[in-house]
Amino acid sequence: MENDADIYAVVMGDLVRSEAAPAPEALHAAFNAAVEAANARAADAIVSPLTITLGDEFQGLLGSLAEAARLARHLRITLMAKGIDCRFVIGQARIETPVNREKAWNMMGPGLARARETLDEKKPGLTYRFTLMEDAMTERLLEAIGAGLAVIERDWTDRQREDIEALLDGQTVEEIAGRRGVTVHSVYKVRSAGDYDAYTMQWAAVEAALDAIDGEGTA
């Protein structure tokens with residue numbers, strides 16, 4: 001993303017029903033590990049690292065809306081593997097105070113408050129939310145696509161999630177089959193049952209829209 005003055009991509013998230021977790025310490029450890037791994041994975045795009053602001057919430061700044069969305073998806077799938085549900089907001093924020101490049105706190109500016117308010121709405125079923133400064137229609141369309149993505153994700157079995165995560169990370173069907181010791185046909189069946197084609201088509205639309213906004217230098 002080409003920053004326009006001090007406009008950045010903000011990503012926020014919180015855990016769903018964390019207060020009811022049977023093992024809070026284990027949940028906290030898994031959450032911290034996932035956030036740390038996400039920061040390492042997206043280090044080149046991060047401006048202010050994902051920082052846990054409360055026990056079950058985090059926020060960070062990136063240089064690209066598209067990278068922020070990919071980071072949210074990766075973190076979502078990582079947490080799903082631990083049986084942890086999480087919701088996200090990906091949006092724009094104009095930072096009017098010095099950017100804290102060590103921790104994502106003690107910063108102010110338009111967009112941050114709206115992203116926080118959107119996260120706090122806690123609307124059921126809306127795993128991926130979007131807050132854009134000057135494009136209400138695109139924001140609405142992205143929210144609708146995000147709802148569809150969450151529906152597909154919630155229906156995945158562990159095997160479907162594992163194979164789809166591997167495919168998203170660039171592994172081929174042949175590589176997955178070899179690692180699992182199964183036929184290529186078996187992997188394709190899992191891929192199909194997990195609605196991989198529809199899922200990636202929807203994600204491609206999200207990334208294309210965010211890439212376009214990034215390219216305009218307005219995010």
Within-4.5 Å side-chain heavy-atom neighbours: [X] and [Y]:
X	Y	answer
R87	V16	yes
V206	F130	yes
V173	L167	yes

All side-chain hydrogen bond (donor to acceptor under 3.5 Å, both in side chains) counterparts of [X], not counting sequence neighbours:
X	value
R129	E121, E143
N106	none
D169	R41
W203	Y199

For this session: Mind running side-chain contact (heavy atoms from CB on, under 4.5 Å) on E134 and E216 for me, showing each step along the way?
Result: CA-CA 12 Å; E134 299 177 355; E216 293 169 357; over 6 Å; no
Under 6.0 Å from the [atom1] atom of [X], do we count more than 12 heavy atoms belonging to anything else shown?
X	atom1	value
E174	CD	yes
R140	CZ	no
E36	CD	no

Exercise. How far does CD1 of I164 sit from CD of E153, to the nearest 0.5 angstrom?
Worked result: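 Here the rounded value is 9.0 Å.
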Problem set entry | Rounded distance (nearest 0.5 Å) linking atom CZ of R101 with atom CD1 of I46 |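 Between atom CZ of R101 and atom CD1 of I46 there are 12.0 Å.
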Exercise. Who passes side chain to side chain contact (heavy atoms under 4.5 Å, CB included) against R161, sequence neighbours left out?
Worked result: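 R161 satisfies side chain to side chain contact (heavy atoms under 4.5 Å, CB included) with I77, M80, A81, W156, D158, E165 only.
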Please answer: with hydrophobic residues joined when any side-chain heavy atoms are less than 4.5 Å apart, are [X] and [Y] in the same cluster?
X	Y	result
Y196	V184	yes
L168	I145	yes
I152	Y128	yes
L65	L126	no

For this session: Would you check, one step at a time, whether the test side-chain contact (heavy atoms from CB on, under 4.5 Å) holds for R73 with L149?
Result: CA-CA 10 Å; R73 181 184 67 189; L149 290 167; over 6 Å; no
Exercise. Only one of R191, R180, K189 forms a salt bridge (Lys or Arg N to Asp or Glu O under 4.0 Å) with D163, so which one is it?
Worked result: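 When salt bridge (Lys or Arg N to Asp or Glu O under 4.0 Å) is applied between D163 and each of R191, R180, K189, only R180 qualifies.
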Exercise. Is there a side-chain contact (heavy atoms from CB on, under 4.5 Å) between M107 and Y8 once you walk through the steps?
Worked result: CA-CA 12 Å; M107 294 179 287; Y8 296 94; over 6 Å; no
Nearest atoms (heavy-atom pairs only) where [X] meets [Y]:
X	Y	answer
V182	V187	CG2-CG2, 3.9 Å
C86	T127	O-CG2, 3.4 Å
G63	V47	N-CG2, 3.7 Å
D214	S64	OD2-OG, 2.9 Å
A66	D211	CB-OD1, 3.2 Å
A38	L75	CB-CD1, 4.3 Å

Is a side-chain donor or acceptor of [X] paired with a backbone partner of [Y] at a separation under 3.5 angstrom?
X	Y	result
E67	A45	no
Q171	A166	no
T118	R114	yes

Exercise. D14 and K122: salt bridge (Lys or Arg N to Asp or Glu O under 4.0 Å), yes or no, with the steps?
Worked result: CA-CA 9 Å; D14 71 346; K122 303 183 187 300; 2.7 Å; yes
Taking distance alone, no hydrogens or angles, what donor-acceptor pairs closer than 3.5 Å link side-chain atoms of residues 50-61 to residues at least two apart or in another chain?
residue	atom	partner	partner atom	Å
T51	OG1	P49	O	2.8
T51	OG1	A104	N	2.8
D56	OD2	S18	OG	2.6
E57	OE1	R116	NH1	2.7
Q59	OE1	R116	NH2	3.3
Q59	NE2	A104	O	2.6

Problem set entry | Residue that, paired with M12, satisfies side chain to side chain contact (heavy atoms under 4.5 Å, CB included) out of T131, L112, I90, D120 |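 Of all the options given, the one that passes is L112.
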For this session: Take L142 and L132 through the test side-chain contact (heavy atoms from CB on, under 4.5 Å) and record every step on the way to the result.
Result: CA-CA 10 Å; L142 289 172; L132 304 177; 4.1 Å; yes
